[in-house]
Amino acid sequence: MSADVGIVVTAAGSGSRLGYGVPKALVPLDPSGDIGGESSLFALALRHAQLVDGVRAIIVTAPSDELELFRSTIARLGIVVPVSVVSGGPTRQASIFQGLKALKQSGPLDVVLIHDAARALTPSVMMDRVVNAVAQGAPAVIPAIPVADTLKQIDPGIPPSPSGARRIVGNVDRGVMRIVQTPQGFAWDVAWDMHSTFAERGMDEAQAASDDSTMAQWAGHEVVAVEGDSLAVKVTTATDLALARVLFAQNFGTRS
């Protein structure tokens, strides 16, 4: 089923935990690559996003003081769909709303994908699964993978001991749990309405939604999950970056 798709790629995070002193999205996965170069997180994310079936426009949200660097990198990538860069907001949620406002100027869209540049290796085939589920009628779709580890529940009402130990009060059935990835997909009207409705919350990190599907649930929409992908790892820490670099070396150029 064909659909006109817009994509917001969030790239406004500081990346302070990576220790590079630059926004996280500019960090290269090729250790010999340039900051903000063609192997940077956001550049790789764009290379995959442009391959999504039906994509009509891509908006990148970036730090306000790095817009020109992002734009100059994009100009060298040869992306085949229109890409614009806008300033992000004080939170991820606020940044995405800025992206949606810019995307709205691209003309009518059926589906919007909201994606993290930090998941730079996410293959386009996984993105297509999300788009297809929305196009077939789901208002909100998340890609997700099973939980491999044993899960336990702590008692949040009892503080840790002096050694840091926490009391375990129960087991969690990992068979019904999922780890959520991006891009998350939404019918355009659903994405716009939920971000408009909860925009004020998005200005405060303590109140902002941790992901977009949470806002969809706040608004009363059903959220469904499709199969995620092992390559859609999120780079947050130096350990994550090391793993992503291994995956990049093993897989880049062999999967789209």
*Asks:* Checking Val112 against Val5 for the side chain to side chain contact (heavy atoms under 4.5 Å, CB included) test, could you report, in this order, the C-alpha distance in whole Å, the side-chain angles of both residues, the deciding distance, and whether it holds?
*Replies:* CA-CA 6 Å; Val112 58; Val5 180; over 6 Å; no

*Asks:* Counting N and O atoms only, with roles assigned by atom type, does the side chain of Ser95 sit under 3.5 Å from a partner on the main chain of Gly89, one being a donor and the other an acceptor?
*Replies:* yes

*Asks:* Any luck finding a side-chain donor-acceptor pair between His115 and Thr182 under 3.5 Å?
*Replies:*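 Looking only at side-chain atoms, Thr182 and His115 do form a donor-acceptor pair, the distance falling under 3.5 Å.
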
*Asks:* Could you walk me through whether Met126 and Glu227 pass the side chain to side chain contact (heavy atoms under 4.5 Å, CB included) test, one step at a time?
*Replies:* CA-CA 8 Å; Met126 189 189 92; Glu227 181 184 359; over 6 Å; no

*Asks:* Apply side chain to side chain contact (heavy atoms under 4.5 Å, CB included) to Pro82 and list each qualifying residue two or more places apart in sequence or on a separate chain.
*Replies:* none

*Asks:* Linking Ile, Leu, Val, Met, Phe, Trp and Tyr by side-chain heavy atoms under 4.5 Å, what else ends up with Ile168?
*Replies:*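 Its cluster mates, by chain and number, are Ile154.
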
*Asks:* Would you check, one step at a time, whether the test side chain to side chain contact (heavy atoms under 4.5 Å, CB included) holds for Val111 with Arg56?
*Replies:* CA-CA 10 Å; Val111 178; Arg56 299 291 179 257; over 6 Å; no

*Asks:* Please report the closest heavy-atom contact between Pro183 and Pro143, naming both atoms and the distance.
*Replies:* O-CD, 3.0 Å

*Asks:* Return the minimal non-hydrogen interatomic distance between Gln207 and Trp218, and the atom names on each side.
*Replies:*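 Smallest interatomic distance, heavy atoms only, reads O-CH2, 3.8 Å.
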
*Asks:* Do Gln184 and Asp211 pair up side chain to side chain, a donor and an acceptor below 3.5 Å, judged on atom types alone?
*Replies:* yes

*Asks:* Counting only N and O atoms by type, is there a donor-acceptor contact under 3.5 Å from the side chain of Gln93 to the main-chain atoms of Ala209?
*Replies:* yes

*Asks:* Quick test of your reading of the model: are Arg92 and Glu205 salt-bridged, counting only N-O distances below 4.0 Å?
*Replies:* no

*Asks:* Roughly how far, to the nearest 0.5 Å, is CD of Gln105 from OG of Ser84?
*Replies:* 10.0 Å

*Asks:* Should Leu46 and Val9 count as side-chain neighbours, where that means a heavy-atom distance under 4.5 Å?
*Replies:* yes

*Asks:* For a side chain to side chain contact (heavy atoms under 4.5 Å, CB included) check, start with the C-alpha distance between Asp155 and Arg166, then their side-chain angles and the critical distance, and finish with the verdict.
*Replies:* CA-CA 7 Å; Asp155 188 337; Arg166 302 296 297 260; over 6 Å; no

*Asks:* Are Asp193 and Ser196 linked by a side-chain donor-acceptor pair shorter than 3.5 Å?
*Replies:* no

*Asks:* So do Val83 and Arg71 actually touch side chain to side chain, heavy atoms under 4.5 Å?
*Replies:* no

*Asks:* Taking the side chain from Ser40 and the backbone from Pro28, do they hold a donor-acceptor pair closer than 3.5 Å?
*Replies:* no

*Asks:* Output the distance between atom CD1 (Ile96) and atom CD1 (Ile59), rounded to the nearest 0.5 Å.
*Replies:*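 That separation rounds to 13.0 Å.
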
*Asks:* Which residue in the set Val130, Asp128, Val134, Asn132 passes side-chain contact (heavy atoms from CB on, under 4.5 Å) when paired with Val226?
*Replies:*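 Option passing the side-chain contact (heavy atoms from CB on, under 4.5 Å) with Val226: Val130.
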
*Asks:* For Lys234, check side-chain hydrogen bond (donor to acceptor under 3.5 Å, both in side chains) against everything at least two apart and list the hits.
*Replies:* none

*Asks:* May I ask you to decide if Asp30's main-chain N or O and Ser39's side chain share a donor-acceptor pair within less than 3.5 Å?
*Replies:*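 Answer holds: yes.
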
*Asks:* Drop me the distance from Asp116's CG to Lys24's NZ, to the nearest 0.5 angstrom.
*Replies:*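 Spacing of CG (Asp116) from NZ (Lys24) equals 7.5 Å.
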
*Asks:* Parallel, tilted or perpendicular: which describes the rings of Phe42 and Phe70, with under 30° parallel and over 60° perpendicular?
*Replies:* tilted

*Asks:* Considering all heavy atoms of both residues, which atom of Thr122 and which atom of Arg119 are nearest to each other, and what is their separation?
*Replies:*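 Nearest heavy atoms, Thr122 then Arg119: OG1-O, 2.8 Å.
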
*Asks:* Determine, using the 4.5 Å side-chain heavy-atom cutoff (strictly less than), whether Val8 and Leu113 are members of one ILVMFWY cluster.
*Replies:* no

